[in-house]
Amino acid sequence: MTESTAAAEATSLDRADELASFRDRFRLPLAPDGRPAVYLCGNSLGPMPADAEARVLEQLERWRTLAVRGHHAEPGAWLHYHEQFAAPLGRLVGAAPGEVVAMNTLTVNLNLLLVSFYRPTATRHKILIEHGAFPSDRYAVLSQLQFHGRSATGSLVEVAPRPGEDLLRTEDLVAAIEREREALALVLLPGVQYRTGQVLDVAALTRAARAAGAVAGWDLAHSIGNVPVGLHDAGADFAVWCHYKYVCAGPGAAAGAFVHERHAHDRSLPRFAGWWGHDAATRFAMGPDFVPMPGAEGWQQSNPPVLALAPLVSSLALFESAGLPRLRAKSLALTAFARRQLEARLAGRVEIVTPASDADRGCQLSLRIRSGAAAGRVVFARLMAAGVIGDWREPDVIRLAPAPLFNRFAEVEQAVAALDAALAPP
Ligand SMILES: Cc1ncc(COP(=O)(O)O)c(C=O)c1O
């Protein structure tokens, strides 16, 4: 595929793209030379929805004009602010509204849910994760083990890709779960692996964990807004995620959590409690004893961080109007186009780490420069200087994630052309 035929194909794909107009509902950053950047970093920090500024300003205005009365003044009382997110978030992760809550940040939610769901006994105390898990997840798991007087040596099981391979195999994860079944308390896995972009089989792995008598927990940081997930039907016990990546709700946006409805009324689950998790009907009676709300809201700690949630109103409206099935279809087409071009134009120079099959990948393509990590760093710096914004993950991966809400096929073509140029000797 030459550059000009690729560009012509991109133009015709963009013309046929029924989601093309959503790009205008974002503010996209500029390249160092002042031209629009090719922003392929929505897997790290989604760009700003154009409407987000107005939503934040609206809340600042409420604060300025109403002050404390903003908690109760309708429409839009802060008292209920978090409630509007449960239904649209539920649609993104395959959950009923009562199973989902927007609160805190990802790692805080992970620790809170591990407090409830990791309940080791003398015989059942192991936690299974992937080797190479996102560091924050591993730190949280290690700290929970320590909290219960346990150590990684005795209680942490890490499953790695096979030697010489980058990707996890479902059969290896299932085999490890079955091997550990007598001692396994909890399995914590990512819906999409952050370094490789590999999609894990939430349904199969949840089934295996639960069949082994373990709790199934998921980190959906790279899944939500990227690939369809069916947490409820899969029977997952809990899940956590952030909203600043594909969901485009801004840096440090308040995060999300899922607790399966079979736990909704289980008051025997220990938890770290706060007043916003207390039954809303009697929260302001200011009683001394904690009575949890049924469902995921029962894990809330504090009153909703309105300014950290306001952009989520804008971004979820975009997801609601585009619809996840259409976004997924465009995402698969964008990534397939990228793969075709990479294979045609950069074969032998760039390795695509991300799986090829549709079921096993989302928006992200993880690339490795064949001449090594040092060369990879140089290529990545050149890409950024050329206005193609992706990110670098140690030890040797360039991540590029065309996102269907705001990226064009033409940008994928530009990124591949820029990569081609960046690979040229100086
Ligand atoms: C897979 C994964 N888990 C956890 C985190 C940590 O998120 P936070 O800093 O919002 O707690 C991230 C952040 O990028 C992530 O990618």
Side-chain angles (χ1 to χ4, degrees), residues 6 9-26 28 38-47 49 88-89 91-94 167 190-202 220-230 241-249 315-343 352-367 388-391 397-416:
E9 188 184 346
T11 306
S12 86
L13 287 165
D14 279 324
R15 282 212 189 100
D17 174 14
E18 57 173 8
L19 298 178
S21 65
F22 279 89
R23 179 185 175 86
D24 301 334
R25 295 166 74 179
F26 283 89
L28 292 160
V38 174
Y39 195 75
L40 301 181
C41 213
N43 57 323
S44 182
L45 182 72
L89 287 175
R91 283 188 277 279
L92 290 184
V93 296
L167 305 173
V192 174
Q193 214 285 340
Y194 79 97
R195 189 182 279 115
T196 64
Q198 178 186 8
V199 174
L200 267 62
D201 188 337
V202 172
L220 300 185
H222 287 264
S223 308
I224 185 164
N226 175 16
V227 293
V229 191
W241 58 85
C242 53
H243 293 132
Y244 48 74
K245 297 179 185 291
Y246 294 101
V247 178
C248 302
S315 57
L316 288 180
L318 296 175
F319 276 91
E320 289 278 288
S321 110
L324 202 52
R326 286 201 301 167
L327 288 166
R328 173 66 169 159
K330 178 176 169 187
S331 164
L332 288 172
L334 274 170
T335 322
F337 178 60
R339 178 175 280 276
R340 278 202 308 281
Q341 283 198 61
L342 287 164
E343 282 168 355
I352 306 174
V353 177
T354 308
S357 73
D358 285 1
D360 299 325
R361 66 184 167 85
C363 296
Q364 179 180 320
L365 281 179
S366 299
L367 308 178
V388 176
I389 303 181
D391 64 8
V397 165
I398 294 172
R399 302 190 305 181
L400 301 176
L405 260 182
F406 52 86
N407 284 127
R408 294 187 174 130
F409 289 88
E411 291 179 297
V412 169
E413 194 283 321
Q414 284 166 37
V416 175

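Note that these values count all heavy atoms, side chains included, but never hydrogens, waters or copies made by symmetry.
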Checklist entry - Excluding sequence neighbours, so at least two apart, what forms side-chain hydrogen bond (donor to acceptor under 3.5 Å, both in side chains) with Arg25? => result none

Checklist outcome for this item: Residues at least two apart in sequence or cross-chain that pass side-chain hydrogen bond (donor to acceptor under 3.5 Å, both in side chains) with Gln198, listed by chain then number, are none

Checklist entry - Excluding sequence neighbours, so at least two apart, what forms side-chain contact (heavy atoms from CB on, under 4.5 Å) with Ala403? => result Phe406, Asn407

Checklist outcome for this item: Hits for salt bridge (charged side-chain N to carboxylate O under 4.0 Å, His left out) against Arg23, two or more places apart or cross-chain, chain-then-number order -> Glu411

Checklist entry - Could you go step by step and tell me if Leu365 and Leu342 meet the side-chain contact (heavy atoms from CB on, under 4.5 Å) rule? => result CA-CA 10 Å; Leu365 281 179; Leu342 287 164; 3.9 Å; yes

Checklist entry - Taking everything shown except Arg339 itself, do over 12 heavy atoms lie less than 6.0 Å from its CZ? => result yes

Checklist entry - Is there side-chain contact between Gln341 and Glu9, with at least one heavy-atom pair below 4.5 Å? => result no

What pairs of donor and acceptor atoms, side-chain ones from residues 355-364 against any protein atom, are under 3.5 angstrom apart with sequence neighbours left out?
from   : atom 1 : to     : atom 2 : distance (Å)
Ser357 : OG     : Asp360 : OD2    : 2.6
Asp358 : OD1    : Arg361 : NH2    : 2.8
Arg361 : NE     : Ala356 : O      : 3.1
Gln364 : OE1    : Asn43  : ND2    : 3.4
Gln364 : NE2    : Tyr194 : O      : 3.1
Gln364 : NE2    : Ser366 : OG     : 2.9

Item to check | With sequence neighbours excluded, residues passing side-chain contact (heavy atoms from CB on, under 4.5 Å) with Val199 | outcome: Val192, Val227

Checklist outcome for this item: For Arg91, the salt bridge (charged side-chain N to carboxylate O under 4.0 Å, His left out) test, sequence neighbours excluded, returns Glu320

Checklist outcome for this item: Residue set satisfying side-chain hydrogen bond (donor to acceptor under 3.5 Å, both in side chains) with Ser331, at least two apart, ordered chain then number -> none

Item to check | Heavy-atom check, side chain of Tyr246 versus side chain of Leu405, under 4.5 Å | outcome: no

Checklist entry - With sequence neighbours left out, what residues match Tyr244 under ring-ring contact (aromatic ring centres under 6.0 Å, His included)? => result none

Checklist entry - Looking at side-chain heavy atoms only, is the closest gap between Leu318 and Phe26 below 4.5 Å? => result yes

Checklist entry - Can you list the steps and then say if His243 with Leu89 is a side-chain contact (heavy atoms from CB on, under 4.5 Å)? => result CA-CA 10 Å; His243 293 132; Leu89 287 175; 3.4 Å; yes

Checklist entry - Quick one: side-chain hydrogen bond (donor to acceptor under 3.5 Å, both in side chains) partners of Arg328, sequence neighbours excluded? => result none

Checklist entry - Tell me, do Leu367 and Ile352 make a side-chain contact under 4.5 Å, heavy atoms counted? => result yes

Item to check | Qualifying residues under side-chain contact (heavy atoms from CB on, under 4.5 Å), relative to Leu19, sequence neighbours excluded | outcome: Asp17, Phe22, Ala322, Arg326, Leu327, Lys330

